[in-house]
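Report on the following structure.
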2 protein chains.
Amino acid sequence: MCTKKELPACPVETTLTMISNKWKVLILRDLLTGTKRFGELKKSLTGVSQKVLTSQLREMEENGLVERKAYPEVPPRVEYSLTPLGRSLKPIMDAMRVWGEQYKQQNA
Amino acid sequence: MCTKKELPACPVETTLTMISNKWKVLILRDLLTGTKRFGELKKSLTGVSQKVLTSQLREMEENGLVERKAYPEVPPRVEYSLTPLGRSLKPIMDAMRVWGEQYKQQNA
DNA sequence: CGGGATCCGAGAGGATACTG
DNA sequence: CAGTATCCTCTCGGATCCCG
């Protein structure tokens with residue numbers, strides 16, 4: 001992704017290469033509250049298919065936002081958590097949450 | 001959109017209904033610096049087709065983020081600007097810009 | 001200049017079945 | 001449980017032409 005290639009000129013675009021996708025934002029929101037198992041994420045993100053959820057998590061892992069830890073157990077257990085880079089996106093998430101709350105109040 | 005219908009339970013999702021799209025974020029970035037003509041937006045947003053740009057602007061207009069002003073001239077002139085609601089998204093845009101700048105520095 | 005209308009292809013994403 | 005593998009649908013978005 002943005003590893004070695006030239007980054008976009010605009011900082012906002014750089015951010016978008018990370019979280020332009022709706023599901024990624026919601027995954028981020030969930031993982032900001034702590035480590036989650038795959039099944040927990042799937043249940044929380046209503047409407048997402050496991051295929052899409054998996055692909056989004058893989059991309060976020062490649063981008064260095066998410067860490068995947070698989071435990072060699074039966075039945076298998078896989079836990080996802082945010083890396084420091086992933087957690088550094090928190091101000092953006094906070095701003096989005098604040099805006100959503102305000103908007104909801106105005107339209108109540 | 002979110003006019004009369006039930007809003008998502010999560011504030012973040014509410015925000016996403018407004019700016020889940022990449023182009024909308026970039027349109028927002030451009031219009032935060034002031035009113036722009038259609039052609040200016042098209043030139044600034046490299047890679048967007050006029051069809052997509054038009055549809056995104058229409059949706060943002062319906063969502064109350066953007067105001068469209070057409071002047072009855074020849075050749076026609078159409079100016080787009082942000083409504084107060086659109087400008088209220090600035091904190092989110094700022095957070096995205098800040099994050100992008102920091103990320104670029106770390107990977108310089 | 002700022003679109004609307006139409007056609008078309010790629011690919012995102014759903015549903016289902018199977019597996020370590 | 002947490003995937004992978006197929007298949008298949010259908011939307012998004014690009015390209016092109018036309019119009020006030």
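The basis for the numbers below is simple: all heavy atoms, side chains too, and nothing from hydrogens, waters or symmetry mates. All chains are named by letter (A, B, ...) in the order of the sequence lines, taking the proteins before the strands, and each is independently numbered beginning at 1. Quantities reported herein were computed from a predicted structural model and do not represent experimental measurements.
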Should the pair [X]-[Y] be classified as a salt bridge under the 4.0 Å nitrogen-to-oxygen rule?
X	Y	answer
E101(B)	R97(B)	yes
K42(A)	E40(A)	no
K22(B)	E13(A)	no
K24(A)	E59(A)	yes

Phosphate contact (dG20(C) OP1 or OP2) by Y71(A) side-chain N/O below 4.0 Å: no
Return the angle between end axes of the helix from dC1(C)-dG20(D) to dG20(C)-dC1(D), with five pairs used per end and rounding to 10°.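 The angle, to the nearest 10 degrees, is 50°.
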Under 4.0 Å from any atom of DNA chain C, heavy atoms only: list the residues of residues 26-40 of chain B that qualify, in numerical order. R37(B), F38(B), G39(B)
Between [atom2] of [N] and [atom1] of [X], the distance in whole Å:
X	N	atom1	atom2	answer
K24(A)	dA12(C)	NZ	C1'	13 Å
L53(B)	dG3(C)	CG	P	8 Å
K22(A)	dA12(C)	NZ	P	17 Å
E59(A)	dG13(C)	CD	C1'	13 Å

Under 3.5 Å donor-acceptor pair, K42(B) side-chain atoms to dG2(C) base atoms: no
Answer whether the closest heavy-atom distance between the side chains of L53(A) and W23(A) falls below 4.5 Å. no
Please tell me if the side chains of L16(B) and L26(A) come closer than 4.5 Å, counting only heavy atoms from C-beta onward.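 They are in side-chain contact.
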Distance check, rounded to the nearest 0.5 Å: I19(B) atom CD1 versus M93(B) atom CE?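 Rounded to the nearest 0.5 Å, the CD1-CE separation comes out at 7.0 Å.
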Starting the side chain at C-beta, find the nucleotide from dC7(C), dG3(C), dG14(C) nearest to Q50(B).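 The nucleotide sitting nearest to the side chain is dG3(C).
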Given that Y80(B) and S55(A) both sit by DNA chain C, which one's nearest nucleotide is further toward the 5' end? Y80(B)
Taking atom types as modelled, find out whether K36(B) and T33(B) have a side-chain donor-acceptor pair closer than 3.5 angstrom. yes
Does a donor on one side chain sit under 3.5 Å from an acceptor on the other, for E67(A) and Y80(A)? no
Looking only at non-hydrogen atoms, find the nearest pair between M18(B) and W99(A) and report the distance. CG-CH2, 3.7 Å
Go through DNA chain D in 5' to 3' direction and return only the first and the last nucleotide with some atom under 4.0 Å of chain A's heavy atoms.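 Range of nucleotides touched by chain A: dC1(D) to dC7(D).
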Between K51(A) and R68(A), who's closer to the 5' end of DNA chain D by nearest nucleotide? R68(A)
Just wondering, more than 12 heavy atoms not from E73(B) lying within 6.0 Å of its CD?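 For E73(B), atom CD is crowded (more than 12 foreign heavy atoms under 6.0 Å).
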